[in-house]
Amino acid sequence: MGDSCPHLAILPSLSPPKLSQSVHREECTQCFDNQDLPVGIDVCLTCYNGGCINEDRHHASTHFDKSTHPLALNVKRTQKTRPKRDDKEPPLKRLAILEEREEDKYAHQTVLKCWGCGGIELPGAMADPKVKTLADGIMQSMSSARQSEVKAWEEEILACEHTLTLDQSSSAPIPPSGLAQCKNCELKENLWLCLTCGNLGCGRQQYLGIGGKGHGLAHFNESGHPVSVKLGTITAEGTADVYCYRCEDSKIDPELAAHLASFGINILTQTKTEKSITEMQIEHNLSFDFSMTGENGKSLQPVFGPGLTGLANLGNSCYMASVLQALYVIPAFQERYLPTASLHALICPEPLPASCLDCQMHKIADGLLSGRYSHPRPSDSETSEGPNFQEGIKPTMFKALIGKGHEEFSTMRQQDSEEFLGHLLKILRQNDKKKGSETVDGVPQPTEVFKFGVEQRLQCGECKKVRYRVDSQDVASVPVPAKEKGTEEDGKKIYEPVEMMKCLEMFTGTEALEYHCPSCSKTVIATKQNRFATFPDILVVHAKKFQLVNWVPQKLDIPVLLPSGDVVVLDGLLGRGRQDGEVELPEEAAPAPSLPEFNEAALGQLQAMGFGLIPCQKALLATGNTADAEVAMNWLFEHMEDPDINDPLVLAPSGGGAAGPEPSADQIAMLADMGFTSAQARKALKETSGNAERAVEWLFNHPDDMGDDATSSAVGDVSVPKSTTHPGGSATLPAKYKLKAFISHKGPSVHSGHYVAHIRHDDLVGGWVLFNDEKVVKADGEEALEILKSLAYLFVFERAT
């Protein structure tokens, strides 16, 4: 039958996948059925989409109906039996990290199928040389999941100017004895070799207690030699931990073998004996796990079923998993994505589901809420001790798509869960706006449930005139005052508890500021107060528990106590708007626009090529005002014939705010990495003339400033036009909320450590459920829960009826 299939005629037009193409052979692109199921996955031989062949979802068949691509390769994977380790074998004496290849762990079975003929198998066609070439190309290619992971890690570390221009004029061969111990102390591990002069110094104290006294850093401070390599991490393949003290970051040395050879070190003879920085970072983050045992010392009981599915950790992805679990317990998200999950594939106009955000949101809904993937993992006699948790679904495609193009979320680094929530809501709204689908069957998109209005009231201290404005927000970022009350035995500080309502009252508090009053025509002391203009359906409270240590925000474990029954009532925090008898401040003219600070190096390079000043400035503005003069030069070549290329720059008037220059995107991103919003970062940089260190200090001195440029500690303009659109939410009272979920964090910084989510599931298990990546368990007793609630980082409240 296989030999008679008419669709085999298209075989000559098909090609194996290229290195840059994603091959979805591990998992269906529209559900979490995968190659480990008995029926396997069908990989399209034309576009390499992966589709399941389940009778209920039939995504492989649907793909053919939409694409008319008839031929597919069915892929099944089964786990090989592992040889048992002989008890008489001696234990391993040193660290050895070896790559475990997939072919060592699994066996694969493949067969050609034709969906043009109804999904029939064509086993006889597998002997055809063309079919074999296509099948080998698919099986030998890097899977889409692995491709995304590798790309994310590769983006982490790049070369820098100091590794590319390394000066080794003073280098000389070093005897083996000179590579055994730090030059300045007795340490014999965590040793860093200066690639300029060969000095051997110990590193700084590292994670997990690995020793270091910082003599490598001291050598840099004395000599200015920027680049060092960590002995023990060098491999014969040419990889190693290379650090640039000047850039204060890990880097790649493309000529590492040659640079080591100048010291008499043959890279081909090197063996890895110490953990790399990346390995230590992962181990460090995994060490910040949450206890999976109850107060009685017994393991917490795993739970399974619809709404109780875990998310496997993809490598520092717990920040994303905790947010997704909290989102998909919200009725608006369930109603938007679950009922149509099985039908979405039929109506979606996108040809590749892996590139469609709607497809991936439906896929997550189906994976988390259907219960189809919530079952104990297959038992393994060698690892059967303790609870048998789930495998957990792997949101690899979702992570790759939602992080695409983002400097942080595209990487494998740990991230801030509150920042990720904001990023996800922004991307969902952009997607809806792009598709013109801000409502579905007249129902608002689920992101609307978070929106609420913040009323800002500004009053001059002398003329008493006022100005009101309302801004839309998704998260209430509340300050949490830190008051020490002692220390633990290990030196960790203990802080006084703070009531949640006090934090919310501080969020809506009053502050005094200097302000140039347009009515008084002079600088006065004004007061500003924020209140709720409207209340959301879902209130997310972000507890800002930070302090600045060496210009780095460190998380503080300050307990935030919830009212009785986990219920907060916000009626008293509702704004009243402009009252009778209040006189509104007059509008004032926008300040004259000023030129931004152009990148001097790029501007000089462009002018040296013979271009005029104004065209060069226009080119830099059009290409992001970066140091990349080549991009700006290409823009100039494309626009040299523009009739206005030499006309003076025309800048749009600014809408007020801080008087400093507009900060660069890199400056804003740097502060955003510390946990601040882009609006807060922009405001702080303007207030401090672009000085990053002063901006961080300003942010911590103004924890309740939302960065709306409506206030200033310096003399400035606060005239910002009122929003012409509804901010979202409702002013209806009572504004009563009950805690539905909370996200906790363990670790010294929101960009390291571990996140988990607790969700109230009274309907499923009669209480709280802990979602710790793929481990889903019924939470412990009330006392332990109260402690975890008080140390939460994000609180998700549901409006009570």
Side-chain angles (χ1 to χ4, degrees), residues 94-95 154 156-207 210-281 550-551 599-602 604-605 608 627-630:
R94 66 175 182 174
L95 176 68
E154 286 178 344
E156 296 286 316
I157 305 174
L158 301 171
C160 69
E161 60 178 307
H162 308 105
T163 59
L164 295 173
T165 60
L166 197 63
D167 177 15
Q168 288 196 302
S169 57
S170 59
S171 62
I174 303 173
S177 59
L179 297 173
Q181 182 175 315
C182 174
K183 181 180 178 182
N184 301 100
C185 70
E186 74 287 351
L187 289 180
K188 297 182 179 180
E189 62 176 6
N190 190 18
L191 301 179
W192 293 79
L193 177 72
C194 173
L195 289 177
T196 300
C197 67
N199 178 82
L200 193 64
C202 59
R204 288 168 280 194
Q205 183 76 21
Q206 293 289 344
Y207 307 120
I210 295 177
K213 299 181 180 179
H215 290 130
L217 174 61
H219 172 71
F220 162 71
N221 291 331
E222 294 170 1
S223 65
H225 299 165
V227 183
S228 292
V229 61
K230 184 180 181 181
L231 300 185
T233 67
I234 305 170
T235 69
E237 290 75 26
T239 62
D241 271 1
V242 177
Y243 191 84
C244 178
Y245 289 105
R246 186 83 65 192
C247 298
E248 296 185 341
D249 203 355
S250 296
K251 296 295 177 183
I252 286 175
D253 180 1
E255 301 296 330
L256 180 62
H259 292 154
L260 289 173
S262 67
F263 300 111
I265 301 174
N266 183 354
I267 198 169
L268 296 177
T269 65
Q270 299 301 300
T271 303
K272 187 172 183 293
T273 59
E274 293 189 27
K275 295 178 184 178
S276 67
I277 292 177
T278 299
E279 290 162 347
M280 287 192 293
Q281 177 67 51
N550 296 326
W551 303 110
N599 187 285
E600 293 184 5
Q605 290 181 53
D628 193 341
E630 184 177 351

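What you see is a predicted model, and the numbers here were worked out from it, not measured in a lab.
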- prompt: Where do His162 and Tyr245 land on the side-chain contact (heavy atoms from CB on, under 4.5 Å) test, with the steps shown first?
  reply: CA-CA 10 Å; His162 308 105; Tyr245 289 105; over 6 Å; no
message: For a side-chain contact (heavy atoms from CB on, under 4.5 Å) check, start with the C-alpha distance between Lys213 and Glu186, then their side-chain angles and the critical distance, and finish with the verdict.
response: CA-CA 10 Å; Lys213 299 181 180 179; Glu186 74 287 351; 3.1 Å; yes
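Expressed to the nearest 0.5 Å, how far CD1 of Ile252 lies from SG of Cys244 amounts to 13.0 Å. Rounding to the nearest 0.5 angstrom, the gap separating the CD1 atom in Ile174 from the CD1 atom in Ile265 is 5.5 Å. The distance from atom CG of Leu217 to atom OH of Tyr243, rounded to the nearest 0.5 Å, is 8.0 Å. How far CG of Leu260 is from CG of Leu268: 11.0 Å, rounded to the nearest 0.5 Å. For the atom pair Ile267 CD1 and Leu256 CG, the distance stands at 4.5 Å (nearest 0.5 Å). Atom OG1 of Thr233 sits about 9.5 Å away from atom CD of Gln270, to the nearest 0.5 Å.
Side chain of Gln168 to backbone of Ser262: no donor-acceptor contact under 3.5 angstrom is found. Between the Gln181 side chain and the Cys185 main chain, a donor and an acceptor come within less than 3.5 Å of each other.
By the 30° and 60° cut-offs, the orientation of the rings of His219 relative to His225 is perpendicular.
The two atoms that bring Thr196 and Pro226 nearest to each other are OG1-CD, 4.3 Å, heavy atoms only. Heavy-atom minimum distance, Ala180 versus Leu200: N-CD2, 4.1 Å. Taking each heavy atom of Ser171 and Phe263 in turn, the nearest pair found is CB-CE2, 3.5 Å.
Side-chain contact between Ile234 and Val229 is present, with at least one heavy-atom pair separated by less than 4.5 Å. Using a 4.5 Å heavy-atom cutoff, the side chains of Cys202 and Trp192 are not in contact. Looking at heavy atoms from C-beta onward, Cys182 lies in side-chain contact with Leu191 at the 4.5 angstrom threshold.
Results of the side chain to side chain contact (heavy atoms under 4.5 Å, CB included) test with Val227 over Leu195, Asp167, Leu193 single out Leu195 as the only residue that passes.
With respect to Lys251 and Glu161, no salt bridge is recorded, no charged nitrogen being found less than 4.0 Å from a carboxylate O.
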